[in-house]
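Single-structure report; data block below.
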Amino acid sequence: MTKPTLLLIDGNSLAYRAFYAMYKQLDRMVTHDGLHTNALVAFNNFMDQIVDPMSPDYAVVAWDADSGKSTFRGELYSEYKSGRAKTPTELAEQLPYMREMVAFHGLRNYEQHGLEADDIIGTFSREGEALGYSVTIVTGDRDLTQLATDNITVNVTKKGVTEIERFTPEYIAEKYNGLTPQQIIEMKALTGDTSDNYPGVTKIGEKTALKLLAQYQDLDHLYANIDQMKASKMKENLIKDRDQAFCSRKLATILTDADMALPLAEFEYRGIDFDRLIPFYETLDFKQQLAKIRALKKSGQLGSEDQSEVEDNLSLTILQSNNLHAVTELGHQVALHIEIAGDNYHTDDMIGFVIGDEQRGYFASRDFSLLQSPEIKAIIESPTVEKRVYNVKAQRVLFKRLDIELRNATFDFLLAAYLLDTTDNNAELATLAQKYDIYLQLDEDIYGKGAKFSVPTDEGRVLMHIAHKADTLNQLIEPVMVQLKEHEQLALYQDIELPLASVLADMEYTGIRVDQNQLQEMGESLDAQIVDVEKAIYEEAGEEFNINSPKQLGILLFEKMGLPVIKRTKTGYSTAVEVLEKLADQAPIVAYILQYRQLAKLKSTYIDGLLAVVYRQDSKIHTRYLQTLTQTGRLSSVDPNLQNIPMRTEAGRQIRKAFVPSEPNWQIFGADYSQIELRVLAHMTGDKNLQRAFLNDEDIHSETARAVFGLNDDAPITSLQRRAAKAVNFGIVYGISDFGLSNNLGISRAEAKRFIDTYFEKFPQVHEWMENAKTLAHEQGYVETLAKRRRYLPDIHAKNFNRRSFAERTAMNTPIQGSAADIIKIAMIKMNQVLHEHHLQARMLLQVHDELIFEAPTSEIPELEEIVPQVMDSAVALDVPLKVESRHGSNWYSAK
DNA sequence: CCTCTTTCC
DNA sequence: CGATGGGAAAGAGGA
């Protein structure tokens with residue numbers, strides 16, 4: 001029979017710890033009513049992680065009844081705890097809620113006039129020990145370690161409130177040179193306590209005190225034998241401060257025999273009271289906690305008495321996996337999900353799958369051979385049964401891996417959520433579903449994360465988890481579709497993003513072949529060059545150092561070599577290219593460093609990086625396009641990023657030679673939009689001058705140069721003027737500032753401002769549109785693209801100039817960049833259809849924002865040169881033409 | 001995990 | 001007064 005357990009918590013001390021543990025978040029953690037919650041959140045974590053799992057038999061949270069003044073210590077020593085800073089108001093306002101929290105977690109609060117929390121704990125701990133309990137004390141104050149015995153453990157919080165140091169008598173002896181818990185008091189008497197403001201003995205700190213106590217055990221023996229102590233400054237101090245020491249000892253002694261108003265028996269631990277805790281969490285805006293509770297309830301992990309409190313008490317029907325017939329009974333709308341172990345659906349293991357609907361239940365299994373049964377396969381491949389999924393692109397690839405084609409997926413919660421609000425993108429289902437008041441457990445709660453990821457041995461738990469996911473999808477479709485309709489985004493969703501997801505899945509699954517030998521050879525050549533440059537750098541530097549470390553490099557260049565500091569970063573000197581280029585003529589090492597940087601980048605990111613992700617079975621790279629990440633509607637590409645393969649420098653561009661067709665006698669074919677963003681700008685602004693330039697197929701940078709520099713139609717344009725005009729055009733698209741442009745062109749701000757003013761004079765509707773974009777963002781809180789893609793800009797209202805300015809530039813740039821993204825997405829969907837209709841073998845492989853890359857039989861190249869630009873420039877009808885250029889060759893290098 | 005740097009459109 | 005161009009991914013170093 002185990003001993004009953006008693007938990008004693010030092011409320012005041014933990015409240016302080018909690019407050020300062022989350023002090024940085026103070027301003028962010030405020031409820032809708034303006035109550036700070038940082039300490040409450042930390043305190044609740046403590047309850048969650050320490051108290052609830054411990055589930056003691058008795059528990060008390062002790063609080064100071066009033067300041068130390070009214071206790072015996074205040075009477076004994078008038079300065080006791082004086083000079084202590086007042087409790088910050090932000091903490092004080094949280095204390096009453098903390099007591100409620102304690103109560104709702106099933107613990108009793110206790111305070112008593114004339115006693116500090118320490119004394120309450122001291123007395124109860126002895127009382128508990130006498131009753132044969134196993135006592136656990138939790139505090140942030142080391143003084144309480146004096147209470148430790150074989151039956152009383154004192155836990156002192158380390159950093160935060162959930163990490164703890166356990167003080168047992170053995171641990172104290174080990175840590176403090178053989179000290180007993182009782183001697184902690186003697187130590188405090190000698191050293192004093194600055195926070196409680198009592199003195200101890202002059203010049204005696206922990207080390208000296210430990211030495212003295214090892215010799216004399218306590219104050220009484222010390223002073224009894226002080227005459228034999230050989231003369232020293234310390235001895236003088238001990239004699240001088242004798243009264244102080246004894247007084248401090250009384251102050252440091254925690255009462256263990258105070259008269260308590262209530263006996264321990266009154267403090268039975270009652271467990272969490274969900275009826276009161278849930279509304280309490282609601283008033284505190286504890287969304288995560290509420291989500292957790294609901295998830296636990298749903299998965300039936302709380303006791304049955306708790307279950308009744310669940311408003312949406314859901315019991316999922318899990319169909320037996322040996323009953324395939326049940327699947328055929330499912331309706332014409334089913335939720336479908338394959339669960340995988342990780343992010344990379346091309347390579348990661350599949351954990352289980354589920355298919356089902358709300359009426360008939362969910363068929364979940366870990367046996368993937370069942371998916372090959374005609375019953376299930378027919379549903380997935382059916383063009384009439386509607387499938388509801390989370391991340392249709394991933395699901396489509398997963399089914400492809402199983403040789404099954406996912407058809408007619410009409411609802412993708414991930415895509416829909418992204419269109420509704422780009423800011424909470426790419427989150428997992430559980431997180432996104434919370435917005436709709438649907439709560440399920442995070443994957444992390446089931447599988448753990450990082451190195452600890454593992455599939456639970458309890459198969460039922462896994463199947464229940466994935467069944468909940470499917471059920472969530474069935475519940476979400478209605479409210480989500482309503483919102484899309486309200487946003488007028490049904491067309492964007494149904495005609496662009498949803499079909500695009502399948503196109504992307506096919507591109508990713510097809511992959512692009514890379515010539516590994518070629519990469520290998522380039523790598524060896526790079527290595528040789530790197531070694532040479534390294535040598536040159538060390539020679540110039542006169543020492544060896546880590547060139548890859550901006551910190552070490554900065555010290556060398558700007559301290560040891562004394563080069564002028566051009567720019568600083570938050571943490572030190574900037575060594576970025578633009579800085580090094582300005583320094584290049586001052587020391588030969590600088591040029592070497594620039595060269596080293598380029599070579600090192602090519603080697604690590606592009607040679608080693610790409611080789612590491614070549615899929616062994618087919619010698620191809622299968623990137624993943626993130627369709628729900630960017631704030632503008634562009635795609636991004638990961639594992640690896642195939643949207644930043646070098647192009648600008650010849651050495652880097654060589655990398656593209658390793659991207660080759662996957663079939664003999666095929667070629668790489670590429671097509672890109674020419675100046676799509678400026679054309680979109682001309683269309684959206686309606687600016688007649690800008691539109692005319694494109695309608696006449698003029699060189700846009702030259703036209704801008706004419707406008708900005710006031711040149712005649714036939715006047716010659718210098719390359720410098722054209723370069724400046726190009727920078728202006730870029731600046732316009734990005735939301736220009738005279739500062740940015742002056743930096744970019746190395747001209748004065750005044751001059752840059754003249755360029756911009758002149759530009760806006762010549763293209764007045766561009767100016768008008770820019771101003772209007774900012775106004776719109778201000779009034780409605782968001783901006784839109786041509787296809788009604790939406791981006792919210794909360795910072796447009798910011799008081800902070802920087803944040804507001806960013807939001808304003810974003811308001812101007814997002815409609816342009818985002819509309820260009822809309823256009824190429826539409827083109828990609830049409831492209832897939834057209835390639836199919838023309839019975840071409842050509843395959844679309846990559847998208848790089850304004851460019852599409854294909855592989856095709858050489859014989860199809862002439863037809864592609866016709867079809868591809870035609871499909872791309874007719875993707876949408878703008879007031880200006882879209883222009884497409886194409887190239888082809890035996891690899892990506894020669895197709896550009 | 002964050003900072004710095006480089007790569008792309 | 002003074003901040004000051006849009007959107008991304010990845011590797012290396014260092015806390």
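Chain naming here is simple, since letters A, B, ... match the order of the sequence lines and numbering starts at 1 in each. Small disclaimer: the values here were computed from a predicted structure and weren't measured.
- Distance NE2/His888(A) to OG/Ser894(A): 9.5 Å, rounded to 0.5 Å.
- Between the side chains of Ser549(A) and Asn546(A), no donor-acceptor pair of N or O atoms lies under 3.5 Å.
- Gln529(A) and Gln595(A) form no side-chain donor-acceptor contact under 3.5 Å, judged by distance and modelled atom types alone.
- When the ring-ring contact (aromatic ring centres under 6.0 Å, His included) test is applied to Tyr893(A), no partner is found at least two apart in sequence or on another chain.
- With a cutoff of under 4.0 Å to any heavy atom of chain A, the contacted region of DNA chain C is bounded 5' to 3' by dA3(C) to dA15(C).
- Taking atom P in both dT4(C) and dC4(B), the straight-line distance is 14 Å, to the nearest Å.
- Looking at heavy-atom distances under 4.0 Å, Ile645(A) makes contact with sugar-phosphate atoms alone, never a base.
- Near DNA chain C, defined here as any heavy-atom distance below 4.0 Å, the residues from residues 789-809 of chain A are Arg791(A), Phe801(A), Asn802(A), Phe806(A), Arg809(A), listed numerically.
- Of all the residues in residues 759-777 of chain A, not one reaches under 4.0 Å from DNA chain B with any non-hydrogen atom.
- First and last contacts of DNA chain B with chain A, using any nucleotide atom under 4.0 Å from a protein heavy atom and ordered 5' to 3', fall at dT3(B) to dC9(B).
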Base-pair map of DNA chain C as dot-bracket, where | denotes pairing with a different strand and pairs are Watson-Crick or G-U under 3.5 Å: .....|||||||||.
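- Using a 4.0 Å heavy-atom cutoff across all strands shown, Thr814(A) reaches no nucleic acid atom at all.
- If you check every strand for non-hydrogen atoms under 4.0 Å, Leu629(A) touches sugar and phosphate atoms only.
- Between Asn772(A) atom CG and Leu776(A) atom CG the span is 4.5 Å, to the nearest 0.5 Å.
- A donor-acceptor pair under 3.5 Å is formed between the side chain of Gln643(A) and the backbone N or O of Gln847(A).
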Worked check of salt bridge (charged side-chain N to carboxylate O under 4.0 Å, His left out) between Lys657(A) and Asp515(A): CA-CA 8 Å; Lys657(A) 286 188 171 167; Asp515(A) 183 339; over 6 Å; no
Would you list the atom pairs, donor with acceptor, under 3.5 Å between side chains in residues 737-747 of chain A and any protein atom, with sequence neighbours excluded?
{"from": "Ser737(A)", "atom 1": "OG", "to": "Gly740(A)", "atom 2": "N", "distance (Å)": "2.9"}
{"from": "Ser742(A)", "atom 1": "OG", "to": "Asp738(A)", "atom 2": "O", "distance (Å)": "3.4"}
{"from": "Ser742(A)", "atom 1": "OG", "to": "Phe739(A)", "atom 2": "O", "distance (Å)": "2.8"}

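- The ring-ring contact (aromatic ring centres under 6.0 Å, His included) check on Tyr615(A) picks up His622(A), with sequence neighbours excluded.
- For the contact set between residues 586-610 of chain A and DNA chain B, defined by any heavy atom under 4.0 Å, the members are Arg597(A), Gln598(A), Lys601(A), Tyr606(A).
- Using a 30° and 60° split on the angle between ring planes, Phe545(A) and Tyr538(A) fall in the perpendicular class, above 60°.
- Glu677(A) comes within 4.0 angstrom of no nucleic acid atom, judged by non-hydrogen atoms across all strands.
- Partners of Glu784(A) by side-chain contact (heavy atoms from CB on, under 4.5 Å), not counting sequence neighbours, listed by chain and number: Tyr782(A), Lys788(A), Arg790(A).
- Nucleic acid contact for Ala727(A): base, since at least one base atom lies under 4.0 Å from a heavy atom of the residue.
- In this structure, Asp639(A) reaches the sugar-phosphate backbone alone: every heavy-atom distance under 4.0 Å involves primed, P, OP1 or OP2 atoms, never a base.
- Every pair passing ring pair (Phe, Tyr, Trp, His ring centres under 6.0 Å) that includes a residue from residues 741-768 of chain A is listed here, sequence neighbours excluded: Phe709(A)-Phe755(A), Tyr759(A)-Phe763(A), Phe760(A)-His767(A).
- No engagement by Asp738(A) is indicated, since no non-hydrogen atom pair under 4.0 Å with the nucleic acid exists.
- Cation-pi check for Arg803(A) over Phe806(A) is not met; the charged atom does not lie both under 6.0 angstrom from the ring centroid and within 45 degrees of its normal.
- Side-chain atoms of Lys601(A) never come within 3.5 Å of backbone atoms of Tyr606(A) as a donor-acceptor pair (strictly under, hydrogens ignored).
- Among the heavy atoms of the strands lying under 4.0 Å from Val848(A) are primed sugar atoms or P, OP1, OP2 only; no base atom is included.
- When the side-chain contact (heavy atoms from CB on, under 4.5 Å) test is applied to Thr775(A), the partners found at least two apart in sequence or on another chain are Glu779(A).
- Although no hydrogens or angles enter the test, the distance criterion places no donor-acceptor pair under 3.5 Å between the side chain of Thr628(A) and the main chain of Tyr418(A).
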